Amino acid sequence: MSKPKVATVWLDGCSGCHMSFLDMDERLLALADRMELVYSPLVDAKEYPPAVDIALVEGAVGNEEQARFVRLMRERTRTFVSLGDCAVTSNILAYRNPFPVAAIIERVFAETAEAPVQPGPEVPALLPEARPVHEVIPVDFFVPGCPPSADLIHHVLDELLAGRQPAIKNRFG
Amino acid sequence: MATERRVKTLIIDGRDVAGREDQTILEAAREHGIWIPTLCHLEGLTNVGACRLCLVEVKGMGKLLSACTTTIWEGMEVTTHSERLHRYRRSIIELFLAERNHICAVCVANRRCQLQALALELGVDHVRYPYLYPRFGIDATHDLFVLDHNRCILCTRCIRACSEIEGANTLGMMRRGIHNRVITDLNQPWGESPTCTSCGKCVNVCPVGAISQKGLSVIEGRKEHKFLPYLTMMRGARP
Amino acid sequence: MTRDELKKIGEAEQERIRKYRHQVHVCMASGCHALRSDKVRTGLQAEAKKQGREGEVLVKRVGCLGLCSRGPLVLEDQSRIHTGVAPEEAGTLLRSLGEPEAAGGEPLPLDHPFFKGQRKIVMEHSGAIDPERIEEYIAVGGYEQMLAAIIDMAPEAVIDQVTRSGLRGRGGAGYPTGLKWSTVAKAGGGDKYVICNADEGDPGAFMDRSVMESTPHQLIEGMIIAGYAVGANHGVIYVRAEYPLAIARLEKAIGQAEKMGLLGRNIGATRFSFDLQLRYGAGAFVTGEETALIASVEGRRGTPRSRPPYPAERGLWGRPTLINNVETLANVVPILKNGGDWYAGIGAEKSRGTKVFALVGRVNNVGLIEVPLGITLREIIEGPGGGIPGGRKFKAVQTGGPSGGCIPEASLDLPVDYESLVQAGSIMGSGGMIVMDETSCMVDVAKYFMQFCMSESCGKCIPCRVGTVQMHHLLEKMTTGSATGRDLEMLEELCDLARHASLCGLGQSAPNPVLSTLRYFRDEYLAHIDEKRCPAGVCTMGAGG
């Protein structure tokens, strides 16, 4: 039997959750024996593979490309995990939510920029609000924390790989 | 002269419990080590029953009662924990978290916040209701303190402390419903308040990061929640 | 003021009125007033003068005549009602008095279906007497019961009559009035208060408004009797500031009663004193809740507090307080006059007496009606209501305002009593009755009431403050075609939470319009959610997201 396929995804977030993931240190080696990392900012895959067993998603859904992508992911993924506060609550990304997108673009790309520019069509359009992942697609497990500790991430992966339900108890923030 | 108070016996969660007739269910329960979640309650302030977390089932009563505002009676049978109460409490926490802009990671009260702690305790690991993302301001005009409405849960502990303990009546509430907002005096900037004594009680009683001391960063907002009964006792007020 | 003096005033007034050959009553309650019935009245007065018939025709200001949608109304000699009277019709109207051929449109005889099915107890003198003249109230027996009670009856005997009448709170909850009175009467000595809750706020409801505008003295007399019965010497009428006419008439009435010694110190030369104050609500629906009302009277923010303790034990200024609604108190005088047993003989088994309803919406006759309880919804809608206009199909009737629910056609033969309405998922409420036909979308109706509760929530407790916002958001999704089945589950869950976890009646009953429409019109919700279709064609699907 082939090893379970695992993906990690980085949406609107600071990559701190991935840093925490890497903080599992030597435990990563043991995990590597039990799973196949098929898609991640840490590996060189361009396309999200068709059949993924476990996906860990860091970050909020902030633009149209990300919304499209998580929907695609959901179709191709068995167990979907929101990893960290940005994925679970929008976290810092929600700071922009009380303001209209046009005002934010103006502020960031014109008012406060040294050389004012407007984002071109190649830049995915921002959604009106940065949303937690579960507001876009159904999510199976939630791992709050900013970031969740390496121990907690290890526990989640360890349990899921063993076919068990992880017991997640962690505060927001 | 202390008036004589009779003792009532009741049952909380199947345990026989005794309390003074003027005690609330919450007080009787806590004295006997039975935990009931609360947010708007604070020992030393009048109880308002606003957060609804302390709702309990009382046998024979058609409706749920808030433990903090209901005095005990003889033979009362109270259930403080049930599947239904737990469900309601979780929903209430979620409603709080979705109401304003609670961003724990960057909050001065992070790890010292009662809302955050209750979410953890009650197993709220995400919020199912859409976040409302209202646009509220921050009043940083006071020399020592900051009031961030984005983090306020409208528990009114600050207002009660200001009025009942300090007697300044600087803090109040304006508007209604979702638009409720804590104000200073007649909705003036806090820094211009002629009534505020800068006593800082509001900072200490605030269960979240809405009112904090200036200059403190994330996680640094340590609060002393338990000084009010001591203060009241030292003033020689009736127990 | 002694009883003899009162009798003399009444007789003098009767004598005055008897001199006129014709009595022309011009409705000057809010409905007709808004249609400028004051112009009609001055027109009629000027015309009587012009025709030289001032001594023969009495043109009188009266309270509500009921058929509000056809105003301005003019009642001729207690026999027929002229509808939609214009000031310039005054001349012809006066000339046609007593003639079979009446001026203008067809006047309605008093055996018209709108009036026939009614039984007037609270509104007995409404439309018959001038609300601004205490003499006219005295002429129909006013203040006799009050003097009789405080001179001849023990407080317990008064309470006994009210208890025997079976009267229940007309504000909506239906708590037995006699029991409430005896609880306050038994509460410890010292100052006690009687509060009249006149903070009528349900959309489309104007029963209490009409009572205050039409027969303010009947309310005041009821309050004095209540004060005597429970041992209270102070009364407060808490009336919403949006009722300027009611306030003006109450103020005037209180002044008149005080001047005559019917209100104030040592009423009727007894040891009983009772003073009465007006307090104005400042536009908050929640102050209709009794503890919020008390807070507002005390000058604090009008927000409710947890009960117990109930106001009967700890009310205004911490003192035992009797709080009754306008209509409840207006029932007291007729009950004492005719006896509790008489009242108990009217109406239904557990819901005695009559109830005033503001019958509005898709019915031919919109107005204020008073009917015996136990009457069926069908009898109301097809009787006084005159059926549905335009040959359209009846769909539902909403009772109880934002705290009530919608009752479908299948339950039209339901008797209107407190218990039956609750069983059907609605409540009696204060008397709003909104009839809807097939052009109403029930999801949209539920959304409307949720919007109302959301903007009227005081915000003290979270299930109401944020729960209503979340519920409204879900209903908004449904009416714009962006909801899923998951949203319906969420809505039902929030309804359950708000109903059981909210602090006061506003939040606890806020889900009722949703729950009752879900109960009877679930298919309509499903059409919005699954098919993105509004069967009534009200909602613009795909308009939002």
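Throughout, protein chains are lettered first and strands after them, A, B, ... in sequence-line order, and every chain is numbered starting at 1. Everything numeric here is computed off the predicted structure, so don't read it as measured data.
- Of the atoms belonging to R128(B), heavy atoms from both backbone and side chain fall under 4.5 Å from chain C.
- With respect to K8(B) and E74(B), no salt bridge is recorded, no charged nitrogen being found less than 4.0 Å from a carboxylate O.
- Top candidate by heavy-atom pairs under 4.5 Å with chain B, chosen from P304(C), P308(C), S455(C), is S455(C).
- Taking L494(C), T303(C), L503(C), T468(C) one by one and counting their heavy-atom pairs under 4.5 Å with chain B, the maximum is reached by L503(C).
- In this structure, the portion of L55(B) lying under 4.5 Å from any heavy atom of chain C is its side chain and not its backbone.
- Neither the backbone nor the side chain of L53(B) comes within contact range of chain C, judged by heavy atoms closer than 4.5 Å.
- Annotation: maximal heavy-atom pairing with chain C below 4.5 Å, among P130(B), S91(B), C51(B), occurs at P130(B).
- The structure places CD of E313(C) at 10.0 Å from OG1 of T183(C), a figure rounded to the nearest 0.5 Å.
- K350(C) and E419(C) are not joined by a salt bridge, as no carboxylate oxygen comes within less than 4.0 angstrom of a charged side-chain nitrogen.
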For side chain to side chain donor-acceptor pair (under 3.5 Å), just list the numbers for Q188(B) and S193(B), CA-CA rounded to whole Å, side-chain angles, deciding distance to a tenth of an Å, and then say yes or no.
CA-CA 7 Å; Q188(B) 296 151 269; S193(B) 167; over 6 Å; no
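- Counting heavy-atom pairs closer than 4.5 Å to chain B, the top-ranked of the candidates Q470(C), K460(C), M454(C) is Q470(C).
- Using a 4.5 Å cut-off between heavy atoms, S66(B) contacts chain C through its side chain alone, with no backbone atom that close.
- Between Y238(C) and Y280(C), the ring center distance fails the sub-6.0 Å criterion.
- A salt bridge does not link D191(C) to R319(C): none of the charged side-chain nitrogens sits closer than 4.0 Å to a carboxylate oxygen.
- The backbone N or O of E493(C) lies less than 3.5 Å from no partner atom in the side chain of D496(C), so there is not a single donor-acceptor pair.
- Ranked by heavy-atom pairs under 4.5 Å with chain C, the first of G49(B), C155(B), G177(B) is G177(B).
- The residue among L95(B), I153(B), T69(B) with the most heavy atom pairs within less than 4.5 Å of chain C is L95(B).
- For M61(B), no part lies under 4.5 angstrom from a heavy atom of chain C.
- When each of R486(C), E456(C), R499(C), R305(C) is scored by its heavy-atom pairs under 4.5 Å with chain B, the top score falls to E456(C).
- A salt bridge is absent between E27(B) and R20(B): the closest approach of a Lys/Arg side-chain nitrogen to an acidic carboxylate oxygen does not fall below 4.0 angstrom.
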